[in-house]
Amino acid sequence: AQSVTQLDSHVSVSEGTPVLLRCNYSSSYSPSLFWYVQHPNKGLQLLLKYTSAATLVKGINGFEAEFKKSETSFHLTKPSAHMSDAAEYFCVRKTSYDKVIFGPGTSLSVIP
Amino acid sequence: DTAVSQTPKYLVTQMGNDKSIKCEQNLGHDTMYWYKQDSKKFLKIMFSYNNKELIINETVPNRFSPKSPDKAHLNLHINSLELGDSAVYFCASSQDPRLKIYNEQFFGPGTRLTVL
């Protein structure tokens, strides 16, 4: 079955330290992959997307993600966490126009 | 200049009632979606319309009926509300995903539905 796995339901980092949010997908071919962020009581905002043009994708607010086909991963990173990064992060996969699968989400806490 | 708007933001109602949530987008997109986010933050797509045509219809109780009067609006009507319908409902829009699979979706702020 097609799926998206976010290995950590919750990640806590100190302000100024690196962020790593993990995402793995199951697929027999390269999907389109997205990372969205949801701040408390807000809608979802696109951080970045993988479209097969480049394996390293840069997004907004200093986030980036690297597509690794051999590992079926699309982990989200940021060199230095900011307090405003505290939010819920969703890895999303599309294999066709009508197959949109959200990961379970990772809650990121940033400690001052 | 809100891109995707939903009304109401909060909806509290009794079991058995019928309610509607409205969604409008001013991005010129031709595809709109409804998602349900449960208490554990899990998001699941419910419906998708393209130019008023239903293109995604996941396994959702037929008490839920989407209505698209035009491509800028996709309303969600729910009949005979049940306790399990309590959730946050998100509307989203995008350019036609059948043209480019990586067309991203733009989300509204959500409607928190509480059924008592």
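Throughout, protein chains are lettered first and strands after them, A, B, ... in sequence-line order, and every chain is numbered starting at 1.
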Could you see if [X] belongs to whatever hydrophobic cluster contains [Y]? Use Ile, Leu, Val, Met, Phe, Trp, Tyr and a side-chain cutoff under 4.5 Å.
X	Y	result
B:Leu83	B:Met46	yes
B:Tyr33	B:Leu74	no
A:Val57	A:Ile60	yes
B:Leu76	B:Leu54	yes
B:Ile78	B:Tyr10	no

A side-chain contact here means heavy atoms from C-beta on lying under 4.5 Å apart; do [X] and [Y] qualify?
X	Y	answer
B:Lys41	A:Phe90	yes
B:Phe106	A:Leu44	no
B:Gln37	A:Phe102	no

How long is the span from the [atom1] atom in [X] to the [atom2] atom in [Y], to the nearest 0.5 Å?
X	Y	atom1	atom2	value
A:Lys42	B:Phe90	NZ	CZ	11.0 Å
B:Ile45	A:Lys94	CD1	NZ	8.5 Å
A:Ile101	B:Leu43	CD1	CG	13.0 Å

Determine whether a donor-acceptor pair (N or O, by modelled atom type, separation under 3.5 Å) exists between the side chain of A:Tyr36 and the backbone of B:Phe107.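 Not confirmed, A:Tyr36 side chain does not pair with B:Phe107 backbone.
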Give me the atom names and distance for the closest heavy-atom approach of A:Val100 to B:Tyr35.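 Heavy atoms of A:Val100 and B:Tyr35 come nearest at CG1-OH, 3.6 Å.
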Least distance between heavy atoms, B:Lys9 atom then A:Asn41 atom: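 Taking B:Lys9 first and A:Asn41 second, the nearest heavy atoms are NZ-O, 3.9 Å.
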Checking heavy atoms, do the side chain of A:Gln45, its backbone, both or neither come under 4.5 Å from chain B?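 Contact with chain B: none, neither part.
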Please check if the number of heavy atoms outside B:Lys22 that lie under 6.0 Å from its NZ is greater than 12.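 No, NZ of B:Lys22 has 12 or fewer neighbouring heavy atoms, counting only those of other groups under 6.0 Å.
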Excluding sequence neighbours, so at least two apart, what forms salt bridge (charged side-chain N to carboxylate O under 4.0 Å, His left out) with B:Glu104?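 In terms of salt bridge (charged side-chain N to carboxylate O under 4.0 Å, His left out), with neighbours along the sequence ignored, B:Glu104 is linked to A:Lys49.
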